[in-house]
Amino acid sequence: MGHLSLSGNGLVVGYPGRRVLDGADIVIPAGGRVALLGANGSGKTTLLRALSGALPVESGDVRVDGVPLRRSRSGLRAHRRTVQLVLQDPDDQLFAADVARDVSFGPMNLDLPPDEVAARVGEALELLALSDLADRPIHELSFGQRKRVAIAGAVAMRPCLVLLDEPTAGLDPAGVQEMLGALARLEAADTTVVIATHDVDLALSWAHIGAVVVDGAVYQGEIADVLGNRELIARARLRTPTVLDIAAELGVSTRGITDAASLVVRLREAASRGAERAES
Amino acid sequence: MGHLSLSGNGLVVGYPGRRVLDGADIVIPAGGRVALLGANGSGKTTLLRALSGALPVESGDVRVDGVPLRRSRSGLRAHRRTVQLVLQDPDDQLFAADVARDVSFGPMNLDLPPDEVAARVGEALELLALSDLADRPIHELSFGQRKRVAIAGAVAMRPCLVLLDEPTAGLDPAGVQEMLGALARLEAADTTVVIATHDVDLALSWAHIGAVVVDGAVYQGEIADVLGNRELIARARLRTPTVLDIAAELGVSTRGITDAASLVVRLREAASRGAERAES
Amino acid sequence: MSGRLAIDEAAWASPWRTRPVAEKLLLALGLVACAVVLPPWPGVVLAGVCALVALLMVARVPARLLARSLRAPLAFIAIGSLTVLVTVQLDDGLSLAITEQSVYDAVVLAGRALAGTLGVYLLAATTPMGDLLASMRRIGVPAACVEVASVTYRMVFTLLVSTRQIREAQAARLGYSGYRRSVHSAGGLTAATLVRSWDRARRLEEGLAGRGYDGTLPTLPRSQATSMPFVLLSAFVIVAVAGLGAWGGGQWGI
Amino acid sequence: MHIAEGYLPVGQAVAWAAASTPFVVYGARAVVRIRRENPEATILLGAAGAFTFVLSAIKLPSFTGSSSHPTGTGLGAVLFRPPVMAFMSTIVLLFQALLLAHGGLSTLGANVFSMGIVGPWVGYAAYRAVRRFGLSAAIFAAMALADLSTYVTTAIQLALAHPDVTSGVVGALGKFLGVFAITQIPLAIAEGIVGVIVIRVLREV
């Protein structure tokens, strides 16, 4: 592993009759937490697939550390060792009977010796808090566990970047916490994490950088700026995060607010300033 | 249609090796907005399936307006005309090539004359804002549209109650708004709506009554009381809704707070009281 | 990822979508029959041109879509015609040759196949499968068979999404690098697809129970008014192509 | 590989359709009977059809670098018996002709004969003959031979339709076997291996 930067430059991707991406630029800095935001059908998944090399682009290029992806056999092979994509529905990615076997699929394809494969599987399961479930059949797992198995399968390739499509969709609050814990461990293990989501509250609290997909283009910036841009958010069919909404309504600065706790701190400061002003 | 009450009394349901419901009681008053809350795997879906008659219970009974459901063929048939369940994944309920054909399936099974079937299909599509899509193939629809088609299929049976399993899961903010609009129209058409969800913020803003499934039992009460009960919420592996959390942290009363707007009103009141106090 | 098929999409979007199936069958199958039966010049060419004009100018199927979805059948037509083009001489050891007759045969074959394929395409790109299956029920195909086909149609699209995604996930983990691994991955993919199809069937069965599923899948039949001008014009086109083709074949037969 | 529209002379197209019809009607009757005895079968049979169709989205690698997809008729014949497969294959071939422009309508009878009748029956016979040597061997034989026999039948159909100018049907058969069936041998073996892997995975779940 080890962080690397990934960028898409002027990406054009179309299906017959429709251009999904029409000159999309995105930069994922090494180690940066990027949230890719957009409504369903906006092209988030298409962008992730283009960045992962799964989808050929009509024009534009994808670069890892500034080096353009070549779509030759060996070029794609190298890219896939660096960038791994995990789609939303785990059931459309898992195909083996049990957890360890599914996770070992990638390392086996790297022609590693058996003990190296086992080591990687163990490491990936550890990072995703799945070690206890290694021998369990996949169909017995919960939805949240299956999502983490799909990620473990990608992580076992030891990529520098993992792109996750809606990693928290369909998870209950405890499942979301477990997923966020796993993402934190991935980062600690020097893997750059990108998530695509339409959960604006989650994006605000987790990400440093936001990239909104609208009309085939990408608008990228600091997450608070992006999610605070009401015109952009409306065009993207998203909504303003609840805590930013409350702060704006109450007339306090939204800067630095990422979640309920930071909003509470800001409101307390405002209240104490108000009280001081009233006293003086 | 026309509102009717539905209740489950002492429901016990088990799969081999596990009791999912172990004496669950729930009352859905006619016309009441009930949110069934619980983590994934808590038994929400099992409870909905028992209430809809899809799942036989080991003991306990299900009553519509106080009359117990009989599990005979005719008893079940009558129950299904009253209570309709819509599952989380629309692809589990859609089988026909296009929207209108699929929605007509239920009324056709009621042996209604063709023009009555057509009328019901038209009405159900109207309520779910799908009239424009009547002749579209189901596989070209978005996930949110397919979810509404599945609900339309149930609504065309003209049930008194519809039970919806995670109606907003996987939808983007605009999709959630469309779904809530559809639910409001259903209520206006005298259909009692029950939703199962683990989205506590949504439950707080939409429901009047909350019913939390924990360890096979159901704890029911006013939605604000249920979601404000930290001990219960922790046991159910849920979380406190963001707005209640903020209110509690800031020391204002949580009573009557259902969403960001009502929290803002409460905080403004508190601020002006604070200012008055400081001035006096 | 999409579970869409280009011709299917064109059929649902077609301006002829609401025409009765029988009308479209008459025109399309009539042209197919002309392409198969008539002497090659000018009959087959006429049939092909009529199908092409009807497709692009009247039924307004996008030309790009037509070109793209004809790629696969064109490959088969090319290989087959090349095989006919090259003749094998056995008398004097084994040798390959191209003769005047084999060139003629190959060109005629390619022409018939192309014209016929365009005729089938005229039906396929204007008639959604749902309507076609409903009309089969009307001509007396048993309900059980039509309903099985109808479930097949719906499920093709849900399964296609799964299959394409699993394949992509395997490819991302280098499951298709090298022959041995590719066969192994294809096996895993086939098994996973089979399990998905069973699982989907079981869940659909449960999901439909609430609306009274008892093994049959009735839906509201739709009536579509027959358009006499369309029928007459179609009949005229086919008679004209057939007549001209038969007469012209006798006159200038080559 | 299905025979494209317009490829067969009228007489032969009709003859193949006539040869296939009794099998398909018998299969359709079997479907009606199965549903009468077991009402839930509608959806399961529909799913089986969808599975067979979707196999065309699964690419099998070949040594030559080109690729093909499994026909799946051997597996289908083992799971559902050949009579039902005759009917299911007809649906799938109709769908492939209309949704993928793969195959044709006048050639439907000929394609059903090779893919829906010869393939399943050969595959099923191979399965029964090899069954006592173990399930994997039986599935391998069923899938590989169903695949291969389908393509040999297609080559025969094409040779009958387009005899070689100088060497007649025999020469044409040589050509079409060369082009279609010989390249198919490694693919038939691959399909057999796929069948073995499928059975292994299914035993595990």
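Values in this document were obtained by computation on a predicted structure and should not be read as measured data. Chain identifiers are assigned alphabetically (A, B, ...) following the order of the sequence lines, protein sequences preceding nucleic acid strands; residue numbering begins at 1 within each chain.
With a threshold of 4.5 angstrom between heavy atoms, C:V44 does not approach chain D through any atom at all. Heavy atoms closer than 4.5 Å to chain D are found in the side chain of C:D105, but not in its backbone. With a 4.5 Å cut-off on non-hydrogen atoms, D:A172 does not touch chain C at all. In this structure, chain D has no heavy atom under 4.5 Å from any part of C:T158. Proximity to chain D (any heavy atom under 4.5 Å) is shown, for C:A149, by both the backbone and the side chain. The contact between C:A186 and chain D is made by backbone and side chain atoms together, counting heavy-atom distances below 4.5 Å. Residue C:L132 touches chain D through its side chain alone, counting heavy-atom pairs closer than 4.5 Å. With a threshold of 4.5 angstrom between heavy atoms, C:L208 approaches chain D through side-chain atoms but not through N, CA, C or O. With a 4.5 Å cut-off on non-hydrogen atoms, C:T193 touches chain D through its backbone and its side chain both.
Each of D:V198, D:D164, D:V194 has some count of heavy-atom pairs under 4.5 Å with chain C, and the biggest count is that of D:D164. If you tally non-hydrogen atom pairs under 4.5 Å between each of C:R154, C:H184, C:R200 and chain D, the highest count goes to C:H184. Contact count versus chain D (heavy atoms, under 4.5 Å) is highest, among C:W198, C:Y153, C:Y121, for C:Y153. Considering only heavy-atom pairs separated by less than 4.5 Å from chain D, the leading option among C:I7, C:V36, C:L159, C:L109 is C:L109. Considering only heavy-atom pairs separated by less than 4.5 Å from chain D, the leading option among C:S69, C:A35, C:G80 is C:G80. Of the residues considered (C:A11, C:G188, C:A10, C:A191), C:A191 shows the highest number of contacts with chain D, using heavy-atom pairs under 4.5 Å. Note on C:T152, C:L114, C:L29: by heavy-atom pairs under 4.5 Å with chain D, the leading option is C:T152. Most heavy-atom pairs under 4.5 Å with chain C: of the set D:L100, D:V31, D:L55, this distinction falls to D:L100. Considering only heavy-atom pairs separated by less than 4.5 Å from chain C, the leading option among D:G174, D:S167, D:G171 is D:S167.
Side-chain N or O atoms of C:R181 include one that pairs as donor or acceptor with a backbone N or O of C:S177 at under 3.5 Å. A side-chain donor-acceptor contact under 3.5 Å links C:R137 to the backbone of C:V141. Not one N or O on the side chain of D:T107 forms a donor-acceptor pair closer than 3.5 Å with the backbone of D:G103. Counting only distance, with no hydrogens or angles, the side chain of C:T126 and the backbone of C:L123 share a donor-acceptor pair below 3.5 Å. Counting only distance, with no hydrogens or angles, the side chain of D:K175 and the backbone of C:V88 share no donor-acceptor pair below 3.5 Å. A distance-only check finds no donor-acceptor pair linking the side chain of C:Q170 to the backbone of C:Y176 [under 3.5 Å]. Judged by distance alone, with hydrogens and angles left aside, the side-chain atoms of C:R112 form a donor-acceptor pair with the main-chain N or O of C:L38 at under 3.5 Å. D:E5 places no side-chain N or O within donor-acceptor distance of the main-chain N or O of C:V120, the cut-off being under 3.5 Å. Panel note: side chain C:T99, backbone C:S102; a donor-acceptor pair is recorded below 3.5 Å. Using a distance-only test at 3.5 Å, with no hydrogens or angles considered, no donor-acceptor pair links the side chain of C:S150 to the main chain of C:V146.
No side-chain donor-acceptor contact under 3.5 Å links C:E205 and C:Y213. No side-chain donor from either of C:E147 and C:T216 sits under 3.5 Å from a side-chain acceptor of the other. Using modelled atom types, one finds no donor on one side chain facing an acceptor on the other under 3.5 Å when comparing D:Y151 with D:S114. Residues D:T150 and D:T71 have side chains that never bring a donor and an acceptor to within less than 3.5 angstrom of each other.
Ionic pairing of C:D199 and C:R202 is present here: one or more N-O contacts between side-chain nitrogen and carboxylate oxygen are shorter than 4.0 angstrom. A salt bridge does not link C:D8 with C:R4: none of the charged nitrogens is closer than 4.0 Å to a carboxylate oxygen.
Taking the centre of each ring, D:Y7 and C:F76 come in below the 6.0 Å mark.
Listed by sequence position, D:L75, D:L79 are the residues of residues 74-83 of chain D in contact with chain C, using a 4.5 angstrom heavy-atom cutoff. Heavy-atom neighbours of chain C within the stretch residues 34-53 of chain D, taken at a separation under 4.5 angstrom, comprise D:R35, D:P39, D:E40, D:T42, D:I43, D:L44, D:L45, D:G46, D:A47, D:G49, D:A50, D:F51, D:F53.
In D:R29, the CZ atom is not crowded: 12 or fewer heavy atoms of neighbouring residues, nucleotides or ligands sit closer than 6.0 Å.
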